[in-house]
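What follows is a set of notes on a single structure, which appears directly below.
The chain is numbered in sequence order, starting from 1.
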Amino acid sequence: MATADSDCVTLETEGAIAFLTISRPKAMNALNVAVINRLEEAFLSAEADDGVKAVVLRGAGEVFVAGADIRFFRDHINAGTVSAIEAFARKGHEVFLRIENSPKQTIALLDGLSLGGGSELALACNAIVATENGSLGFPETGIGIYPGLGGMLRFAKKTVPALAKYYVFTGTTLSAREALSLGIVEQVVAPGDIPRALNAMAARGKIDKYAPRSLPDAFRALAAAFAPDRIEGLLAGGLPEGLPEDQAAKIAKRLKAKAPLALRAVNDIIDAQSGVGIEAGIALELAPMQQMFLTADAMEGLSSAGKRRPEFTGT
C-alpha cells in the first residue's frame, strides 16, 4: 500500500483503486479552499498513476461531506469580499469537472450523510455507491442561498428538472434507497460488501451517467407538483397540486421557511440550465452568485445556521 498524506485529504492506493479521503472531523468534512486545493492535488496524482483504474472519494468518520464551510461564506460577506466566494465556487467547479470528465472511473462512496457541496461532489463522480447510512440533500434555500457547485444541474440531468426543484426547494433528504430507484446511486451495499462492489466497478470502467431513464412511478406526482406551470402558485404560498392533503400541507410549510429570493433563484437557474451542456449550465449557475450572497437573507441564513430559525424578509 502506498500512502501520501496531506492536512485534509489523504491519498491511499490499494491495488487498482485510489482512495481519496476528505478529513475535517471538527467541521464534518466541510469543503473550503484548502480541501478543494488538496482534493485537486490528490486527484491529479491518482489520475496520473497508470496502475489506478478507479478513484474513490469518501469522507472520514460517519459523514461524507456536510456541505461547504459556512464560516468561510460568512467571513467573506462580513469582510466585503464576496468575490472570493465566487472564486471558491469557480475553483470547485474546475475540480469537479476534472473528476467528472476523467478517463478514470470515479466513484463517490456514501457511507454517511452528504449535504450541499458534499452531494454536489458525489454527483460529479461517474458513479455513486452507498450504504443504508448514505444520503443526499440540498439545504441551501433554508440558509438564504442556492446550491453552487453543480448539484441542481447534475440532479436534473439524472432525473428531471421538476424533481430537482422539489428536492432543492424543500431541502428534503434523499435516502440511499430512493436515490437508487432514481438511478442517482448505482448500488446500495452492506458495509462488508463495499470492497467487492468497488473492485467490480473498477474492473468494469466508466458508465454513461446521464443515460436516459424513466422516472419511477413513486416520484411522478412530486415532479408534476413542481412542473413549470405550478411554480408561481407554490412561490405564492399555495399548496402543491395532485398530492395527498397532508403531504401537500407539509411541503407548503417547508417552503414558507425557505428564503424567497433563494427559491426564485433556484427556479430560474434550473429552468435556464434545462437542455444545455454541463459547462454552459455551470456558467448560468455562477452568474447570479455574488448578488445572492449580498442579500440580507443570505446573511441572515448563514448567521443563524445551527443557532436559531432564520427570519427571512425577501431582501
Side-chain angles (χ1 to χ4, degrees), residues 67 108 110 113-116 118-120 122-123 128 130 132-143 145-188 209-276 281 285:
L110 297 187
L113 176 78
S114 83
L115 292 172
S119 296
E120 293 178 287
L123 286 165
I128 302 174
E132 296 286 358
N133 294 325
S135 63
L136 298 101
F138 301 97
E140 287 89 347
T141 59
I143 54 173
I145 57 176
Y146 61 80
L149 288 171
M152 298 183 290
L153 173 63
R154 293 183 172 101
F155 192 103
K157 285 188 175 297
K158 289 180 76 71
T159 59
V160 294
L163 197 63
K165 289 182 183 182
Y166 163 70
Y167 280 103
V168 179
F169 274 28
T170 64
T172 300
T173 299
L174 188 66
S175 73
R177 288 289 172 185
E178 289 169 329
L180 177 68
S181 69
L182 285 167
I184 293 171
V185 164
E186 188 172 348
Q187 292 185 51
V188 176
K209 62 185 283 188
Y210 297 123
R213 54 177 61 87
S214 298
L215 193 66
D217 290 343
F219 296 90
R220 291 184 181 277
L222 279 174
F226 283 75
D229 61 339
R230 297 181 177 179
I231 293 298
E232 291 303 323
L234 293 173
L235 295 179
L239 291 175
E241 298 179 24
L243 297 174
E245 185 176 343
D246 59 340
Q247 184 182 17
K250 288 178 181 178
I251 291 173
K253 183 178 180 180
R254 296 194 75 163
L255 293 180
K256 288 179 181 178
K258 307 300 181 180
L261 293 178
L263 291 176
R264 176 65 65 182
V266 167
N267 183 65
D268 292 346
I269 292 168
I270 291 177
D271 281 349
Q273 288 175 330
S274 182
V276 306
E285 188 174 290

Nearest 0.5 Å, please: how far is [atom2] in [Y] from [atom1] in [X]?
X	Y	atom1	atom2	value
Thr141	Leu255	OG1	CG	8.0 Å
Ile128	Gln187	CD1	CD	12.5 Å
Leu174	Phe138	CG	CZ	8.5 Å
Leu222	Thr159	CG	OG1	11.5 Å
Leu239	Lys253	CG	NZ	13.5 Å
Leu182	Leu215	CG	CG	6.5 Å

| said: Under a 3.5 Å distance rule, please check whether Lys158 uses its side chain to pair with a backbone N or O of Lys209 as donor and acceptor. | reply: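 Yes, because the side chain of Lys158 sits within donor-acceptor range (under 3.5 Å) of the backbone of Lys209.
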| message | Check Glu232 with Arg264, please: is the shortest side-chain N to carboxylate O separation under 4.0 Å? | response |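 Salt bridge between Arg264 and Glu232, a charged N being under 4.0 Å from a carboxylate O: yes.
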| Do you know which of Lys250, Arg254, Glu178 makes side chain to side chain donor-acceptor pair (under 3.5 Å) with Thr172? |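 Single pass found, and it is Arg254.
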Indicate the atoms forming the closest heavy-atom contact of [X] with [Y], along with that distance.
X	Y	result
Arg220	Ser214	NH2-CB, 4.5 Å
Gly151	Leu123	O-CD1, 3.9 Å
Gly238	Ala252	O-CB, 4.2 Å
Phe169	Lys258	O-CG, 3.4 Å
Ala176	Val185	O-CB, 4.3 Å
Gly116	Pro139	N-CD, 3.7 Å

| Given the rule in the ring-ring contact (aromatic ring centres under 6.0 Å, His included) test, do Tyr166 and Phe226 qualify, once you have shown the distances and angles that lead to the verdict? | CA-CA 6 Å; Tyr166 163 70; Phe226 283 75; 5.4 Å; yes
| Contact check, side chains of Leu235 and Pro260, non-hydrogen atoms, under 4.5 Å |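 Side-chain contact under 4.5 Å: no.
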| query | Are Phe155 and Ile184 close enough that some pair of their side-chain heavy atoms sits under 4.5 Å apart? | reply |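 Yes, side chains in contact.
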| request: Applying side chain to side chain contact (heavy atoms under 4.5 Å, CB included), name anything that partners Thr173, two or more places apart in sequence or on another chain. | output: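 With neighbours one apart ignored, the set is Ser135.
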| request: Dump the intermediate steps for side-chain contact (heavy atoms from CB on, under 4.5 Å) on Glu120 and Met152, then the final yes or no. | output: CA-CA 8 Å; Glu120 293 178 287; Met152 298 183 290; 5.9 Å; no
| query | When you look at Lys165 and Asn267, which way does the side-chain contact (heavy atoms from CB on, under 4.5 Å) test go after all the steps? | reply | CA-CA 7 Å; Lys165 289 182 183 182; Asn267 183 65; 2.7 Å; yes
